[in-house]
Every structure is written in C-alpha cells, then in structure tokens.
Amino acid sequence: MERGLISVDRWSDGSQAYFLTHLHSDHTRGLTSSWSKGPLFCSRITAKLFPLRFPGFDLSLLRVIDVESWHSFSLISPSSGSNTVLHVMAIDAHHCPGSVMFLFRGDFGCLLYTGDFRWEGTSKRAERARATLLNALQDNAVDVLYLDNTYCNPSYEFPSREVAAQLVADIIAAHPEHDIIIGIHDLGKEELLVHIARALNIKIWVWPERLQTMHLLGLNDVFTTKTDLTRVRAVPRYSFSINTLEGLNSICPTIGIMPSGLPWTVKPIECDDKHFGSPLTHQNSKSGEIQMGNLNGNLGLVKKFHKYIFSVPYSDHSCFAEIQSFIGLVQPNNMKGIVSSSSCYVDPIYYFGCLCKASQPAKKLHCKHENKKGGSQALAVRRKLYIESGKLTKLETQRRKDRKADYFGVRLKRFHSLRRIQRGAKIADIDFSD
DNA sequence: GCGATCAGCT
DNA sequence: CACAGCTGATCGC
C-alpha cells in the first residue's frame, strides 16, 4: 500500500530512483562502492568526482542530470501500479563543487529539495540560479520545500564568501614571515583557496588526494604538493588543532586559519578596530607588531580564539537572511528542515511560516513532534507527502532503554546520531484514494 | 575478516 | 552548542 518512489540523499531500500545532491559524507552515509539499489542521479561534477570517493562503484548506475533543464523519466506509481512520469531539474546550490538542488514535478505535486545550499545575493552564479528557479517554477506552487536549515536562526549572520575570502587573504598578507595552515575538508572551499592564491600571487599546498580532486575540478595551476613552493598549506580539518599549531610553532612561526560559518567555536578573544594590531598580532608582539592593513571595517568578523588560530566566517551554508530571502522567493505551501541537530534544530516554519503561501501556525522551537498535525491541511496536493524517518523511532526506543549513564551525556550522544540519520529524505507516496 | 555502528575528537 | 568530517573500538555476521 505504501512504498517509496524516490529518495534524496538517502540510500535505504525501497525507492525506484536515488538522487544525490553533493558528495559530503553526511549525505552519502549508507552509500558504498557495492551499492546497487537503483539508478543514482547527480550533477555532472558530482559524477566526475564520484569514482574517487567510491572506487569500484558500478558506474552504469550513475546518471547525470545536467543543471537548468528538465529531465523526465518513467516510474511505477507505488499506489496504482501504473506508469507515472517524474520531471526533475537540477539547480546550482553553490555549496561545494557539484552541489545541486532538485526540483521535482509529478503526480505528487511539486517538491523542491535544496540539499545544502548558499543563497548569496551578490554573485553571478546566484543570479543565474535565481533566474533558473523562477523560470522553472513559472506559476506553479512548490508544495513542499525541503530546506537546508543549518543556520535558520537570526543569530547567524555572516558576510558573503567573497568578503570572508578577502579577510583570509588580509590575515595572510599581514603575516609575511609566517607559515599559514588552513583547515579544509575533502571537498569544498576551493573558491576560497583560489581567491587567496590570486590575491597574493602564491601557490597553495594540498595533500595528494586533494590535488587529485583539484585536477578533476579543472584547477590545474594554483595547487601543489611540493612544500617548498609556498608558505600556505590547506590541511585536512581533522589534523588542524591547537596541538598541531603548537608543534609547528616549535619549528617555524605558523598561524592557523579556520574558515567556518560557526560563530562560536571556542570562546573567542574579541577583536575590534580599537585594538587594531593587537590582539590580532599578539603572537608576534615580541618581534614587533604587524599591521593588519585596512580590512574595510570587517576586522570585527575575525575571531581569534587561540594565539595561533584565527576563525573567519566563511560559510558554504546560507545565513539567516539568505534563507529568508530564498523562502520569500519560493513561497512554498509547506516546508521542512533537512538538518536536525541536538539543540539547534529550528523548524523553519517557526520563523518563516508567514512566508508560506498557506499561512502556518506559529510553532515552538525544538518541538519537532508538533509537525505531525501542523500544516498538513495546508497541502494543496491530492496526496500527502512526507519524509520517512523509520530509524528515528528505533533510536527513540533505544534511548529509553538506555543504560544508567548521565542523562545529558546520553541525550547528547543520541541526538548526535540522530542528526546524521535525518539527513536526506525518502519521499513516499501514500494512496488516499477512496 | 568484513561492514555497520558507535565513541571520541576537532 | 557543531560545520563536516576522520580515526579507532566494538559488534554481528
């Protein structure tokens, strides 16, 4: 009676088509080289990078969805058993290389799944994505918007990546005698590194596997694996720590730069223009202070939470204002956050229900259970859509019979797992026919 | 011995 | 508090 039709960033059994928004591992959990549950649709760039992540994967399962045009294919309706046509368009999500949103249209209505995305109003790419989306939607309503709600709270404010990238370049320029390390992951932040390289006319060291990725992305000139060619190194995020920095400083003066949208990290030492040159340059006070140059009043954005470590608000997720602007543009009938985390999950309806076409009742923070009734009557479609979250119930049960350990400790750990499991959606189709 | 899951770390 | 991971331990097969 109830079976799955399509899944996005979810890899369990029971769907006829699987969609991957991008190659970060919290969206590929459950996907392995031996996976063979159906066709896997992704962007051209993701397909290009795919074999590096999943060597030996049966590439005949991989289907490229080029951005900005409609693709149609036939599936079997889980409810009626007859053929049904699914239309899908991929739109640049500008999160990491290859990342896309998926816009679906079919018997079930119209769905927009953003995956992780950054909706900067300032770039050419954003303008293009905006035009593509508007053109694709025409006058059709989006029934459900599945939204990257990572920073769906007004406290999350940060500048465009262009501004943040220049901040990083300025910090490096202000430390001409230092080695620099920048913490990055396996994919993402390439534009930041390219900006630094161009602004300072230097190459950037990366580890060998990362160089492979850069070459697949067509970035052939900027990066090197030879340490003697540059003082700027992009290193794996997990090897970037206070210990690492202290170790490096016993050999050579080195600062670390952490690009992140997260504003807190460790309690930062506040930096403002009044203390220009210090404490930003505190680590250098013995050998004389270094001037930071003119940061166009953006110096306050840079946090320094350790004598060797700077944190710069460079984010690949949308800030609150950008989320707001995106929802205002789409004006969905209903929406759901795709990111659920321990204490920070915010139902986007809480802040933006008023931007939905069918106005939503106010919701409480952190109260996911209220969703069940909430906006269901607002759906204009004949059939009701939902995100299956089967494993959640299991986890809840697990939590209850959990051992005697400290309540908060257990809770945090369980929610941590929960966050990871809840990424992605299995879009099921329930038959409500008489 | 292998994959899946979890704990701990950044 | 967590971005988006990685490593290592443990469990079931």
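All chains are named by letter (A, B, ...) in the order of the sequence lines, taking the proteins before the strands, and each is independently numbered beginning at 1.
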For this session: Applying salt bridge (charged side-chain N to carboxylate O under 4.0 Å, His left out), name anything that partners A/R105, two or more places apart in sequence or on another chain.
Result: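 If we apply the salt bridge (charged side-chain N to carboxylate O under 4.0 Å, His left out) test to A/R105, skipping adjacent residues, there are no hits.
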Exercise. What residues, two or more places apart in sequence or in another chain, satisfy salt bridge (charged side-chain N to carboxylate O under 4.0 Å, His left out) together with A/K37?
Worked result: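 By the salt bridge (charged side-chain N to carboxylate O under 4.0 Å, His left out) rule, A/K37 matches A/D13.
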Exercise. If only side-chain N and O atoms of A/H185 are considered, is one of them under 4.0 Å from the OP1 or OP2 phosphate oxygen of B/dT10?
Worked result: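 So the side chain of A/H185 is outside the cut-off, no N or O lying under 4.0 Å from OP1 or OP2 of B/dT10.
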Exercise. Which part of the nucleic acid, if any, lies within reach of A/S239 when heavy atoms closer than 4.0 Å are counted: base, sugar-phosphate only, or nothing?
Worked result: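 The residue A/S239 makes no contact with any strand.
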Output the rounded distance in Å from [atom1] ([X]) to [atom2] ([N]).
X	N	atom1	atom2	answer
A/F117	C/dA4	CZ	C1'	18 Å
A/Y308	B/dT10	OH	C1'	19 Å
A/L23	C/dC3	CG	P	19 Å
A/D116	C/dC3	CG	P	9 Å
A/M258	C/dC3	CE	C1'	10 Å
A/L31	B/dG3	CG	P	14 Å
A/E209	C/dG5	CD	C1'	15 Å
A/I257	C/dC3	CD1	C1'	17 Å

Of all the choices, [options], which nucleotide is nearest to the side chain of [X] once you look at every atom?
X	options	result
A/T32	C/dG5, B/dA4, C/dA4	B/dA4
A/H317	B/dT10, C/dT7, C/dA4	C/dA4
A/H95	C/dA4, B/dT10, C/dT7	C/dA4
A/R237	B/dT10, C/dA4, C/dC6	B/dT10
A/Y238	C/dG5, C/dA4, B/dA4	C/dG5

Problem set entry | Distance, nearest 0.5 Å, that separates CG of A/L31 from OG of A/S12 | 11.5 Å
Problem set entry | B/dT5 versus C/dC3 - spacing of their C1' atoms, nearest Å | 22 Å
Exercise. Do NZ/NE/NH1/NH2 and the carboxylate oxygens of A/E120 and A/R161 come within less than 4.0 Å?
Worked result: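 Counted as a salt bridge, because a side-chain N and a carboxylate O are separated by less than 4.0 Å.
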Exercise. Salt bridge between A/R231 and A/E177, side-chain N to carboxylate O under 4.0 Å?
Worked result: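 The answer is no: the pair does not qualify as a salt bridge.
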